[in-house]
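We count residues from 1, following the sequence as given. FYI, side chains are in, hydrogens and waters are out, and symmetry mates aren't considered; it's all heavy atoms of this structure. Atoms within a ligand are numbered from 1 in the order they appear, just like the ligands themselves.
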Amino acid sequence: MAKVAAVQHVCSECGTSTGRWLGRCPGCGEFGTLVAEAAPSRGQRRPAQAGELAVRPPLRLVDVVAEESERLSTGVPELDRVLGGGLVPASLVLVGGEPGVGKSTLLLSALGAIARERRGLLITGEESVAQVKLRAARLGGCDDVEILAETELDVVCETLERERPAVAVIDSVQTLWSQEIGSAPGSVSQVREAAARLLRVAKEAGVATFLVGHVTKDGSVAGPRVLEHLVDCVLQFEGDRYHEHRILRAVKNRFGSTNELGVFEMTGAGLIGVPDPSELFGRTHAGEVGAAVTCALEGTRPLLLEIQALVAPTDLAMPRRVGTGVDPKRLAMIVAVLSRHAGLALGGADVFVNVAGGVRIDEPGADLGIALAIASAAKGVPVREGAVAFGEIGLTGRLRPASQSDRRSEECRKFGSALVLGPQLDTLRRALGAGLAENPA
Ligand code: TYD
Ligand code: MG
């Protein structure tokens with residue numbers, strides 16, 4: 001008889017399991033993420049007899065009855081936007097983010113607004129009821145939220161099935177544990193079991209459920225990444241806890257577009273939505289060298305962003321190109337095109353680029369803004385006042401139209417921009433000529 005391993009080693013990043021410990025996960029290639037867990041016991045299974053299984057014939061898609069259910073507003077417009085226009089009833093939403101970024105605060109405010117019209121239940125495993133009460137007092141308007149401090153999965157599921165609130169928040173999925181699973185709370189098998197059970201409860205009892213999941217870099221707590229395929233939506237809450245701005249984005253959304261973006265500001269009275277982030281991120285100081293404004297598209301939302309660049313002489317044989325919020329490959333390409341097609345000698349200089357407010361740009365439409373900031377820093381000449389630049393840069397130095405140029409131009413006009421530099425200028429050299437102020441010398 002084959003020997004059955006009593007212990008399996010599970011990757012805390014991707015969930016791959018192996019029979020023995022390995023330094024590197026064969027699934028995702030991360031190092032040092034495999035942790036020992038008790039293997040699930042496999043009872044003797046008897047093959048199913050004919051007639052035992054309820055096999056239903058498949059349906060044609062045209063015969064399937066599906067009504068688009070009405071979405072619930074969470075009372076937080078930025079959250080609604082990221083969810084694709086509100087919360088879908090009976091859906092399971094995972095909200096991930098580093099500890100301290102404000103997940104509990106955001107969801108408590110949302111629950112407070114929801115509870116005014118429907119039942120909203122907060123299941124807290126991390127904070128005591130009294131701690132939540134103190135936080136609620138700071139936020140205000142959470143009087144109708146129901147709360148339960150519980151970490152045992154069976155009790156949580158039973159409660160949801162019995163109480164059937166419209167919306168439940170589980171803070172956090174890593175504190176839930178089930179006795180049937182031998183491993184510690186927060187381990188991959190516990191977290192996965194909790195999410196699978198809660199998914200079933202959400203669908204069957206019609207409870208829209210937010211799961212809070214911590215993302216930590218050391219593998220001690222199972223990363224929410226192992227849950228991404230299970231849940232309906234994955235929202236990521238970003239921004240570092242030492243700055244007041246937070247960005248919420250959808251990484252996965254079964255009911256709407258991803259790439260939608262919500263911007264918040266953390267204040268003494270909780271998170272406040274920023275309805276006009278262009279105003280916040282798109283202002284530069286007049287006459288400042290190395291700063292340019294671009295118009296990036298985040299989902300359906302055009303957003304003006306300040307880009308800052310520093311070009312500093314270096315003795316390194318391989319000068320550095322460091323970008324915060326921009327793709328390093330894209331940055332290397334822009335620097336190369338600037339050297340080759342715009343006559344900027346950057347070979348002996350380090351180039352640093354930074355995007356305002358911790359926003360991450362992942363679309364080529366911002367290329368021209370990045371190039372303009374670098375050119376301004378390299379030449380020591382400020383960008384013309386009120387200029388906004390967008391457009392994709394091709395390898396030949398020619399500008400390509402950015403997607404949805406009209407919406408971007410519209411946003412620039414709304415912002416009162418005096419000079420919109422776009423693909424109509426045709427080449428990078430001409431765009432830089434038009435965007436940089438006269439050399440004062
Ligand atoms: P929290 O929601 O507890 O973070 P998470 O659940 O993601 O771990 O938020 C923690 C931070 O937010 C904490 O550092 C304090 C700050 N904060 C405020 O600045 N103002 C507030 O009104 C609240 C409730 C929190
Ligand atoms: Mg919390």
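Under the salt bridge (Lys or Arg N to Asp or Glu O under 4.0 Å) rule, E410 has a single partner from R413, R407, K414, R408, which is R413. Checked against T294 for a side chain to side chain contact (heavy atoms under 4.5 Å, CB included), the options L304, L372, D367, I307 give a single hit: I307. Among V169, L107, V173, the one residue that satisfies the side chain to side chain contact (heavy atoms under 4.5 Å, CB included) test with V95 is L107.
Remark: ligand 1 atoms within the under-4.0 Å shell around heavy atoms of T267 are 18 (C), 19 (O), 20 (N), 21 (C), 22 (O). Below 4.0 Å from some heavy atom of P99 lie the following atoms of ligand 1, by number and element: 8 (O). For ligand 1, the atoms lying closer than 4.0 Å to a non-hydrogen atom of M266 are 12 (O), 16 (C), 17 (N), 18 (C), 19 (O), 20 (N). For ligand 1 and A269, the ligand atoms under 4.0 Å from any heavy atom of the residue are 22 (O).
Considering backbone and side-chain atoms alike, G270 places an N or O below 3.5 Å from some N or O of ligand 1. In terms of polar-atom proximity, G100 is counted as a contact of ligand 1, with an N or O under 3.5 Å from an N or O of the ligand. Of the N or O atoms in R135, one or more lie within a sub-3.5 Å distance of an N or O in ligand 1.
Ion pairing of R24 with E30 is absent here, as no side-chain N (NZ or NE/NH1/NH2) approaches a carboxylate O to less than 4.0 Å. Salt bridge K103/D171: absent, no basic N to carboxylate O contact under 4.0 Å. The pair D154-R197 meets the salt-bridge criterion, with a side-chain N (NZ, NE, NH1 or NH2) lying under 4.0 Å from an Asp/Glu carboxylate O.
Of all the heavy atoms of K103, the ones lying under 4.0 Å from any atom of ligand 1 are found in both the backbone and the side chain.
Heavy atoms from other residues, nucleotides or ligands lying under 6.0 Å from CD of E163 number more than 12.
Residues passing the ring pair (Phe, Tyr, Trp, His ring centres under 6.0 Å) test with F281 are H245, sequence neighbours excluded.
Tally of protein N, O or S atoms closer to the Mg ion (ligand 2) than 2.8 Å: 1.
For the 3.5 Å distance criterion, the side chains of S278 and E411 qualify, holding a donor opposite an acceptor.
Without hydrogens or angle criteria, K203 side chain to S91 main chain gives no donor-acceptor distance under 3.5 Å.
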